[in-house]
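In this text, all values refer to a predicted model and were calculated from it rather than measured experimentally.
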Amino acid sequence: MTAPLLSVQPIRGLVDEKFQVVLKNLSPGSPLTLHSLHHSEDNDHWEGFGYYFSNNQGTVTVAEDESLGGTYKGTEQMGLLWSMRPVPGSRTGLRLRKKDVLTPMVVIISAYRGHVSEGFQEQCPLASVVTERWYVAPGVQRISIMEKGVRGTLFLPPGPGPFPGVLDMWGGGGGLVEYRSALLASHGFVSFALEYLPAEEIATTELQYRYFETAFKIIQDHPLVVSDRVGLFGLSFGTSIALTMSAYFITINPRCCVCISGSHVHPVKKALSSVFDEMHKNLHKTRFDEDNCYIWRDLILPIPTDPELKVEVGMIKCPLMLVVGEDDQNWATVESAEDIARMMHSAGNDHLLTTLSYPGAGHLIEPPYTPHFRSSNFLLHNTREKVIMLWGGWTKPHADAQEDSWEQILAFLRLHLHSSLESVPFAKL
């Protein structure tokens with residue numbers, strides 16, 4: 001009998017690009033397990049797997065056939081990726097994040113006889129294929145920036161340009177996170193992943209404003225960027241910064257703003273250290289789940305009525321997209337989105353607002369097919385203590401939210417940053 005043949009197409013693709021997994025040359029009705037395995041940069045192993053039966057032609061097609069169990073169920077073309085989790089016996093509190101975006105995320109797709117739930121490493125697969133998942137498309141350039149006191153990484157799309165630009169800001173975990181910017185550049189946007197300076201290095205309100213203003217102007221003034229087509233992109237605490245810049249910064253004019261899992265409470269109108277101090281005053285509202293994970297969503301509840309404690313979103317003059325996970329356990333993003341909508345309606349600028357709200361999704365809404373983390377390690381700012389933070393969300397609805405929101409975010413950016421839809425590049429490897 002002909003040996004089983006496993007194919008994955010494309011074998012090399014962008015992380016937001018779907019692949020086709022097909023297993024052929026089986027006996028009809030054979031029980032099979034399809035398995036994914038990734039060895040992370042942190043030296044941890046992640047896996048996902050689904051249970052299948054071959055059809056009358058002896059074939060399993062993941063995009064068409066139903067998984068009857070494993071880490072995902074149903075007809076899920078990308079379930080082998082978004083359902084990945086640490087292998088049994090791994091360290092606790094793990095989160096899978098790509099650090100070196102110039103190398104691929106390597107995933108081994110294998111087929112095993114029968115329905116297997118453990119001990120994959122000790123078994124011999126029927127067939128295996130090594131695949132590569134990239135954040136950078138061919139020709140994307142990565143440039144480290146240390147200019148005018150600002151630190152970060154600039155990603156340039158391939159081609160002569162000019163291109164629209166995006167200032168990309170992450171959450172309160174700090175540091176430099178590059179992978180979303182790399183992916184945005186793969187879709188035709190010059191993207192600047194901004195590193196937050198340690199709070200003690202930004203000691204005054206004046207310095208605070210100057211840092212983010214300068215970052216915006218670095219990307220705006222780049223010779224490959226259309227200067228009047230620069231947007232803001234923030235996640236979690238990055239949302240607070242993006243909303244503050246959109247509402248108050250008179251020297252910049254963002255064309256649009258995307259905010260994921262954030263709030264308008266605690267506007268960044270003073271030094272970062274002062275903003276974090278204000279947040280820490282409410283740490284007594286922290287709750288804990290049955291596994292002693294930190295729940296922070298109550299820290300800004302009830303949403304204050306004092307306008308001084310919120311970004312005056314009624315002053316925003318550019319299109320704004322809010323992305324909200326309705327099971328967010330880290331921040332009161334649902335209540336914040338509702339209050340933002342009320343404030344903008346009262347101010348008469350709610351026509352600028354688009355809200356995407358996803359039942360069952362948590363706080364960490366990432367690019368498509370990123371594994372879901374209901375909780376993970378987090379370093380507290382005030383004590384530098386490592387704790388387990390509850391982000392919320394459930395694997396399947398969270399995965400759906402990531403796929404849908406990314407498509408809508410790209411469409412929103414293309415609509416508001418490109419001069420014509422005909423000029424929009426659609427990236428594939």
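Within a 6.0 Å radius of NE2 in His39, more than 12 heavy atoms belonging to other residues, nucleotides or ligands are found. At most 12 non-hydrogen atoms from other residues, nucleotides or ligands lie less than 6.0 angstrom from NZ of Lys24. Counting non-hydrogen atoms of other residues, nucleotides and ligands closer than 6.0 Å to NZ of Lys285 gives a total above 12.
Taking the six-membered ring wherever Trp is involved, the centroid distance between the rings of Phe189 and Phe163 does not fall below 6.0 Å.
Classified by interplanar angle (parallel below 30°, tilted 30° to 60°, perpendicular above 60°), the ring pair Tyr179/Tyr135 is tilted. Relative ring orientation between Tyr51 and Phe49 is described as tilted, the plane-to-plane angle lying within the 30° to 60° band.
Gln408 and Trp406 share no donor-acceptor pair across their side chains, judged by distance under 3.5 Å alone. For Lys98 and Thr103, the side-chain atoms include at least one donor-acceptor pair closer than 3.5 Å. Residues Thr75 and Glu66 bring no donor and acceptor atom of their side chains to less than 3.5 Å of each other. One side chain, Asp327 or Gln329, offers a donor N or O that lies under 3.5 Å from an acceptor on the other.
A 4.5 Å side-chain heavy-atom check between Leu5 and Val22 finds every atom pair outside the cut-off. Looking only at side-chain heavy atoms (C-beta outward), Leu96 and His38 come within less than 4.5 Å of each other. The shortest distance between side-chain heavy atoms of His351 and His345 does not fall below 4.5 Å.
Leu154 approaches Val190 most closely through the heavy-atom pair CD1-CG1, 3.8 Å. Contact between Ser336 and Ser263 at its shortest, heavy atoms only, is OG-OG, 2.7 Å. In this structure, Ile340 and Val313 approach most closely via the heavy-atom pair O-CG2, 4.0 Å. Scanning both residues, Ser90 and Leu94, for their nearest heavy atoms gives CB-CD1, 4.1 Å.
Panel note: side chain Thr71, backbone Met84; no donor-acceptor pair is recorded below 3.5 Å. For the pair Gln220 (side chain) and Lys217 (backbone), a donor-acceptor distance under 3.5 Å is absent. Thr153 places no side-chain N or O within donor-acceptor distance of the main-chain N or O of Glu178, the cut-off being under 3.5 Å. Not one N or O on the side chain of Thr131 forms a donor-acceptor pair closer than 3.5 Å with the backbone of Ile11. Although no hydrogens or angles enter the test, the distance criterion places no donor-acceptor pair under 3.5 Å between the side chain of His416 and the main chain of Cys256. Side chain of Glu312 to main chain of Gly314: a donor-acceptor pair is present (N/O by atom type, distance under 3.5 Å, no hydrogens or angles). Although no hydrogens or angles enter the test, the distance criterion places a donor-acceptor pair under 3.5 Å between the side chain of His372 and the main chain of Gly392. The backbone N or O of Ser240 sits less than 3.5 Å from a side-chain atom of Thr244, completing a donor-acceptor pair. Side chain of Gln20 to backbone of Gln9: no donor-acceptor contact under 3.5 angstrom is found.
Between Arg180 and Asp16 there is no salt bridge, since none of the side-chain N atoms of the basic residue sits less than 4.0 Å from a carboxylate O of the acidic one.
Considering Glu147, Arg142, Met146 as possible partners of Ser144, the one that fulfils the side chain to side chain contact (heavy atoms under 4.5 Å, CB included) test is Arg142. Partner of Glu335 under the salt bridge (Lys or Arg N to Asp or Glu O under 4.0 Å) criterion, chosen from Arg297, Arg342, Lys310: Arg297. With His363 as reference, Trp391 is the one residue of Tyr358, Trp331, Trp391 to meet the ring-ring contact (aromatic ring centres under 6.0 Å, His included) rule. Screening Val60, Thr61, Asp65 for a side chain to side chain contact (heavy atoms under 4.5 Å, CB included) with Ser54, the sole residue that qualifies is Val60.
For the pair Arg85 and Trp46, the NZ or CZ position fails the cation-pi test of under 6.0 Å to the six-membered ring centre and within 45 degrees of the ring normal. Remark: Arg287 is not positioned above the aromatic ring of Tyr294, lacking an NZ or CZ atom under 6.0 angstrom from the ring centre and at most 45 degrees off the axis. Relative to the six-membered ring of Trp170, Arg97 meets both conditions, a distance below 6.0 Å and an angle of at most 45° to the axis. Taking the ring axis of Trp394 as reference, the NZ or CZ atom of Arg374 stays within 45° of it and closer than 6.0 Å to the ring centre.
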Evaluation steps, side-chain contact (heavy atoms from CB on, under 4.5 Å), between Asn253 and Asp228: CA-CA 8 Å; Asn253 186 27; Asp228 65 346; over 6 Å; no
Derivation and outcome, side-chain contact (heavy atoms from CB on, under 4.5 Å), residues Leu413 and Leu415: CA-CA 5 Å; Leu413 293 174; Leu415 174 64; over 6 Å; no
Trace of the side-chain contact (heavy atoms from CB on, under 4.5 Å) decision for Phe155 with Val101: CA-CA 11 Å; Phe155 290 90; Val101 297; 3.7 Å; yes
Worked verdict on Val87 versus Glu118 for side-chain contact (heavy atoms from CB on, under 4.5 Å): CA-CA 9 Å; Val87 300; Glu118 58 185 3; over 6 Å; no
